[in-house]
Each structure stands twice: as C-alpha cells, then as structure tokens.
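Because only heavy atoms are used, hydrogens play no part in the values below, and waters and symmetry mates are left out as well, while side chains stay in.
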Amino acid sequence: MASKKREVQLQTVINNQSLWDEMLQNKGLTVIDVYQAWCGPCKAMQPLFRKLKNELNEDEILHFAVAEADNIVTLQPFRDKCEPVFLFSVYPEIPLVDSDSEVSEETPYESVQDLFSIAIIKPDAVISGKGLEIKRKITTAGFIIEAEHKTVFTEEQVVNFYSQIADQPDFEELVSFMTSGLSYILVVSQGSKHHTPPEETEPQPDTEPNKPSEYQCEVEAKVTPAMMKKKRDSLQEYLERQHVAQFCDIEENATNVSKFMDTFFPDFKKRKSMKLEKTLALLRPNLFHERKDDVLRTIRDEDFKILEQRQLVLSEKEAQALCKEYENEDYFNKLIENMTRGPSLALVLLRDNGLQYWKQLLGPRTVEEAVEYFPESLCAQFAMDSLPVNQLYGSDSLETAEREIQHFFPLQSTLGLIKPHATSEQREKILNMIKEAGFDLTQVKKMFLTPEQIENIYPKITGKDFYKDLLEMLSEGPSVVMMLTKWNAVAEWRRLMGPTDPEEAKVLSPDSIRARFGISKLKNVVHGASNAYEAKEVANRLFENPEEN
C-alpha cells in the first residue's frame with residue numbers, strides 16, 4: 001500500500017540573505033514572521049496561518065515564511081527586539097484570472113495553439129552545427145523559445161506533417177531527407193511585447209541569450225490575430241535575411257501547430273504554467289549509511305523526479321563548500337571530518353518549483369531549531385546523534401544548483417549505433433528508450449557505413465574471424481549513428497544496451513535493448529563505444545562539428 005503523503009510545511013524557513021531575496025519574488029502576498037535565534041518564531045500564530053491557508057487554498061498567491069533576523073542583513077533593524085514582528089511582502093504579478101483557465105475568455109484566440117508557431121530545424125542544420133546559431137537568431141529577433149524537442153522523424157510523421165505538399169514530385173526525397181538525422185522542434189511565441197528584429201546586428205558568438213523557463217507563456221490580450229500573423233511572418237523574413245531560412249521550416253497554421261504539439265508536446269498546456277527546477281540534494285554520510293531508503297521514499301512521495309544519483313566520498317574542499325553556512329560554528333572541523341570519512345549520496349532532483357520546495361522541506365540548519373519549531377521538517381525527521389546539523393543538503397539558488405550539478409555530475413558523450421537489421425518501428429522504440437533513460441541526443445545521422453568507417457567503429461576486432469560477417473551485416477542497409485550525452489554516458493549506454501548476447505541479456509538484463517530487440521550476437525541491434533576517447537575519435541570522423549550542438 002502506498003505511504004501517506006506527508007503534510008507540506010506551512011512556513012518557509014528563511015535564514016540567510018540569499019533566501020530572503022528569493023522569497024521577495026514570490027507572487028502574491030507573503031506573511032513573514034521575523035524572529036531571533038534566542039526566541040524562535042511565534043507558535044501562537046501558526047494555527048491561524050494554517051486555517052487561512054486551508055480555507056483560501058491559494059498556494060500561488062498566499063505564502064507564509066519565518067525569517068531569522070540574526071543572519072539576514074535586510075532585517076538588521078529588527079535585531080534585539082522583544083516584541084513579535086510580522087512583515088508583509090506583495091509582489092505585483094498576482095494572477096487575475098481563474099488558474100484553471102488556460103486563456104482568459106477575452107483573449108481573441110480560438111485555441112492555445114493560436115498563440116504559438118512551430119520551428120523545425122532540419123537535419124542538415126543540426127549535423128553541420130547550425131542548430132544553436134538558428135536558436136540564437138530566433139531569440140535575438142525577440143521571440144521566445146517556449147519548449148524544445150529533439151527527434152528523428154519517422155516516415156509516417158513526415159507524411160503527416162507535410163501532407164500539404166505530398167503531391168510534389170520531390171516529396172519522396174523530402175521524406176528521405178527529413179528521416180536521415182536529428183531535427184529540433186521548437187515551440188515559439190511572440191512574448192508580451194513586439195521586438196523589432198535587428199537588421200544587421202549579429203549575436204556575439206560567445207554570448208548566450210537569457211533562457212526563459214520551460215513552457216513560459218505570456219499572453220497580451222490586446223494583440224489581434226492579424227498582428228500575431230504579421231509577427232510570425234517577421235520571424236520567417238528575419239531568418240531569410242540572416243541566410244538560414246533554408247535550414248528551418250516555420251509552421252503557423254493552428255491545425256498543423258496542434259498536430260506537432262499533440263505529438264511532441266502532449267503535456268504542454270499543463271507544464272507551461274509550471275516552474276520546473278533542478279536542485280542538488282545530498283545525504284551526509286551517517287544518514288546515507290543508516291536511512292537512505294527512507295529518505296529516497298520521502299523524496300518520491302513529494303513528487304520529485306530523481307534524474308541522477310551517485311555515491312561519492314567528498315574531498316575536504318568539496319565538504320567545506322557544502323558546509324559553508326556552518327564555518328563559524330565550534331563543530332565545523334568535526335563536521336568536515338565527518339563529511340570526508342565516508343560516502344555521501346548526491347542526487348539531482350527535478351520538480352515544479354523544485355529548488356524552493358526542497359529547501360522548504362529541509363527546514364532549519366540546526367536540529368535544535370527544527371525539533372522545537374519545525375518538527376515536520378526533514379531536518380527534524382532525519383536528525384542523527386553525531387552532529388547537531390541538518391543531515392540533508394540543498395542548493396541555495398538556481399545558479400548554485402547549476403554549478404554544483406555540473407561539478408558532481410559532469411556531462412560525458414558516447415557513440416551509439418543502431419544496426420541496419422532494426423526495423424523502423426524498433427528504431428523508434430530504441431530512440432524512445434534512450435530519451436527515457438535521460439540521454440540527450442547530441443547528434444543523430446542515418447548513413448550507409450563504408451568499410452573504413454566500420455573499421456573506425458570496431459577497431460579492436462578487425463583481425464577476428466567473424467569480422468567479415470560483421471562487414472557484410474553492416475552493409476545490408478543504413479545504420480543510425482548517434483552521439484549520446486549525459487553524466488557517466490559510456491557506462492550508462494552499455495548498461496542500457498545489455499550483454500552482447502541477446503539470450504544472455506534476456507536473463508541478466510531483461511529490460512535492456514538487446515534483450516528486447518536482439519536476434520544474435522552478430523545482430524544484437526545496437527553498439528556502443530568502449531570509452532569516451534574512442535567515442536570522440538570516431539565522432540570526429542563521422543560527424544561534422546560533432547561538439548557544437
């Protein structure tokens with residue numbers, strides 16, 4: 001039976017200036033109980049706050065927080081005060097429409113799809129490294145890339161999405177071209193204000209435009225459909241002026257946009273209002289050793305998705321960085337010693353408003369404060385006798401989270417191959433398995449491999465007796481060559497492929513690709529590089545600009 005979900009903490013804990021600044025961005029009204037470490041928050045008001053929260057049920061516009069004046073520069077005037085202090089923060093962006101409505105009734109569009117266009121960056125642009133350039137040009141023109149999907153089109157999808165030109169004599173060539181490699185599908189909106197695209201100015205090559213949150217949607221009700229049509233055309237015209245229009249199809253018809261969104265972005269309407277965020281979480285050694293399963297169960301119960309996890313022993317420098325908030329405490333050296341003497345568990349967590357929600361769940365920095373004032377927090381629930389600190393860690397900002405995730409989970413690329421005997425249906429299923437496993441498809445190319453290319457891919461077996469059979473099998477048709485990127489990509493791809501012998505794979509790894517689709521040791525449907533160096537060397541020979549996307 002599923003475990004009962006724990007009640008979400010009522011008041012967010014604010015105990016440093018960074019958290020205070022972030023809290024001020026909460027939309028709506030935030031009621032802040034300002035307290036000092038020697039006194040603690042006002043317990044008498046909590047029943048009232050909980051009653052208001054339950055009755056109003058407005059998670060998006062009503063928030064409660066407790067802020068420790070001792071550690072927050074902004075609250076310095078309230079230090080050394082005896083009387084209770086409550087502050088109120090109102091952020092102007094309070095929603096004025098029903099949260100269940102996707103678009104206001106006054107919005108002059110028939111459907112959500114009318115607000116967006118679809119941009120398809122074609123395989124030749126991706127393979128030549130122009131994908132990033134085109135995306136930069138789109139954002140430079142003042143448009144917003146709301147969502148992105150990387151895919152290899154199937155023949156059926158190309159026929160469906162390009163049905164309006166199916167009677168043209170070169171349509172079969174188009175189908176072959178669009179299924180030959182990786183395409184980028186972008187959902188593009190105009191934003192809340194029209195931005196005139198620059199005529200001559202080119203984006204600086206080393207600068208990246210500010211990336212909006214995924215599925216961000218801004219609707220300006222006074223804009224007419226005709227104006228929206230004109231703006232969409234301006235994107236096409238701008239790409240033509242920038243000499244990249246031949247690499248990118250723009251789809252603006254609401255019916256066709258709906259087709260793309262239903263196929264590649266089925267949860268767009270739901271997720272466009274979400275604020276998906278990644279954060280680094282870490283279980284300190286004692287907690288990892290004794291109660292790892294309990295913590296992981298709690299994380300999943302709170303609707304977090306665990307994207308990555310690894311066991312590691314921290315260096316002294318890493319431990320000091322993660323324990324910086326305790327550096328002035330008497331037990332700091334003991335804490336660092338504890339953090340470096342055994343394995344910790346690092347996690348990458350994803351959730352709507354994930355960073356703030358995880359910090360809220362964690363609670364205060366010390367067990368004493370948590371037990372007295374926030375007994376429902378994870379700090380109190382997972383307290384250990386060894387040290388008086390929170391046994392769980394979370395990043396304190398999105399910038400810190402990104403930096404910490406890159407440090408503990410550095411990206412790696414590997415080479416993958418889907419062999420010619422895989423059917424179109426099997427190729428599609430394999431690509432879906434790759435995406436579900438968290439790989440980023442950096443490059444994909446369907447190609448007939450030459451003997452020289454096969455020798456580059458299989459350098460260790462060129463002298464084996466069965467090498468001739470391998471050459472013959474790989475010459476039967478086109479292979480799909482891929483660059484796959486994620487943390488620990490080489491090992492993760494080999495795990496997903498399964499053992500070389502499909503019969504062995506069915507026993508040892510029944511959910512692997514080879515167990516599901518392999519026929520024999522020779523026709524085991526997929527191949528992977530042995531190490532990152534080999535993957536890079538082969539990719540340099542098979543792809544143009546393999547690392548630019």
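- Using a 4.5 Å heavy-atom cutoff, the side chains of Phe88 and Val31 are in contact.
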_Verdict with reasoning, Leu441 to Leu484, per side chain to side chain contact (heavy atoms under 4.5 Å, CB included)_ = CA-CA 5 Å; Leu441 291 167; Leu484 310 175; 3.5 Å; yes
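- In the displayed structure, Tyr533 atom OH is contacted under 6.0 Å by at most 12 heavy atoms of other residues, nucleotides or ligands.
- With respect to the salt-bridge test (charged N to carboxylate O, under 4.0 angstrom), the residues Lys270 and Asp267 do not qualify.
- Classified by interplanar angle (parallel below 30°, tilted 30° to 60°, perpendicular above 60°), the ring pair Phe116/Phe268 is perpendicular.
- Within the 3.5 Å criterion, the main-chain N or O of Ser315 finds a donor-acceptor partner in the side chain of Glu318.
- Summarising the geometry, atom CD1 belonging to Ile121 is positioned 9.0 Å from atom OG belonging to Ser183; distances are rounded to the nearest 0.5 Å.
- Under the 4.5 Å side-chain criterion, counting only non-hydrogen atoms from C-beta, Phe143 is not in contact with Ser117.
- Scanning all heavy atoms of the two residues, the minimum distance from Lys278 to Ala401 falls at O-CB, 3.7 Å.
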*Arg284 and Phe382: CA distance, side-chain angles, deciding distance, side chain to side chain contact (heavy atoms under 4.5 Å, CB included) verdict*: CA-CA 11 Å; Arg284 304 189 199 275; Phe382 294 106; over 6 Å; no
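- Of all heavy-atom pairs spanning Ile138 and Ala119, the tightest one is CD1-CB, 4.4 Å.
- The aromatic rings of Phe439 and Trp493 sit perpendicular, their planes meeting at an angle over 60°, well past the 30° parallel limit.
- Put simply, the side chain of Ile32 does not reach to within 4.5 Å of the side chain of Val66, judged on heavy atoms.
- Here CG of Leu496 is found 9.5 Å from CD1 of Ile430. Values are rounded to the nearest 0.5 Å.
- With Arg365 contributing its side chain and Asn390 its backbone, the two residues share no donor-acceptor pair below 3.5 Å.
- Side-chain atoms of Tyr373 and Glu368 include no donor-acceptor pair closer than 3.5 Å.
- Formation of a donor-acceptor pair under 3.5 Å by the Gln17 side chain with backbone atoms of Thr74 is found in this model.
- Between Ser344 and Phe288, every side-chain heavy-atom pair lies at or beyond the 4.5 Å cut-off.
- In this structure, CZ on Phe86 lies 13.0 Å from OH on Tyr35, to the nearest 0.5 angstrom.
- Listed for the Lys435 side chain is a donor-acceptor partner under 3.5 Å among the backbone atoms of Lys150.
- Put simply, the side chain of Glu537 does not reach to within 4.5 Å of the side chain of Asn531, judged on heavy atoms.
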*Report the C-alpha distance between Ile299 and Trp358 in whole Å, list the side-chain angles of each, state the deciding distance to 0.1 Å, and finish with yes or no for side chain to side chain contact (heavy atoms under 4.5 Å, CB included).*
CA-CA 9 Å; Ile299 288 172; Trp358 179 243; 3.9 Å; yes
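- When all heavy atoms of Trp487 and Pro410 are compared, the pair lying nearest together is CD1-O, 3.2 Å.
- Distance alone, capped at 3.5 Å, places no donor-acceptor pair between the Arg310 side chain and the Phe409 backbone.
- A heavy-atom distance below 4.5 Å is not found between the side chains of Leu282 and Leu347.
- Across Leu19 and Val13, no two heavy atoms sit closer than the pair CD1-O, 3.8 Å.
- With Gln412 contributing its side chain and Ala489 its backbone, the two residues share a donor-acceptor pair below 3.5 Å.
- Judged purely by distance below 3.5 Å, without hydrogens or angles, the side chains of Thr442 and Thr485 pair a donor atom with an acceptor atom.
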*Derivation of the side chain to side chain contact (heavy atoms under 4.5 Å, CB included) call for Gln443 and Met482*: CA-CA 5 Å; Gln443 283 283 15; Met482 307 169 289; over 6 Å; no
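- No hydrogens or angles considered: a donor-acceptor pair under 3.5 Å links the side chains of Tyr357 and Glu302.
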*Would you check, one step at a time, whether the test side-chain hydrogen bond (donor to acceptor under 3.5 Å, both in side chains) holds for Glu316 with Thr340?*
CA-CA 6 Å; Glu316 184 173 339; Thr340 56; over 6 Å; no
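- Note: Tyr326 and Tyr331 have tilted aromatic rings, judged against thresholds of 30 and 60 degrees for the angle between ring planes.
- Using a 4.5 Å heavy-atom cutoff, the side chains of Val188 and Ile118 are not in contact.
- Contact detail for Gly131 and Tyr184: the closest heavy-atom pair is CA-CE1, 4.1 Å.
- For His289, the NE2 atom counts as loosely surrounded, since its 6.0 Å shell holds 12 or fewer non-hydrogen atoms of other residues, nucleotides or ligands.
- Closest approach of Thr366 to Cys379, counting heavy atoms only: O-SG, 3.6 Å.
- Looking only at distances, no side-chain donor or acceptor of Thr400 sits under 3.5 Å from a matching main-chain atom of Asp396.
- Residues Lys324 and Glu327 are paired through a salt bridge, judged by an N-O separation under 4.0 Å between the basic side chain and the carboxylate.
- If you take CG on Leu75 and CG on Leu87, they are separated by 6.5 Å, rounding to the nearest 0.5 Å.
- Two residues are said to be in side-chain contact when any heavy atoms from C-beta on lie closer than 4.5 Å; Ser512 and Met497 fail this criterion.
- A distance of 8.0 Å separates CG of Leu322 from NE2 of His407, quoted to the nearest 0.5 Å.
- Ionic pairing of Glu337 and Lys334 is not present here: no N-O contact between side-chain nitrogen and carboxylate oxygen is shorter than 4.0 angstrom.
- Partners of Glu22 under the side chain to side chain donor-acceptor pair (under 3.5 Å) rule, at least two apart in sequence or in another chain, are Lys359.
- Ion pairing between Glu277 and Lys275 holds under the 4.0 Å rule for side-chain N and carboxylate O.
- Between the Arg494 side chain and the Ala529 main chain, a donor and an acceptor come within less than 3.5 Å of each other.
- To the nearest 0.5 Å, atoms OG1 (Thr12) and CE (Met23) are separated by 9.0 Å.
- Without hydrogens or angle criteria, Glu492 side chain to Asn488 main chain gives no donor-acceptor distance under 3.5 Å.
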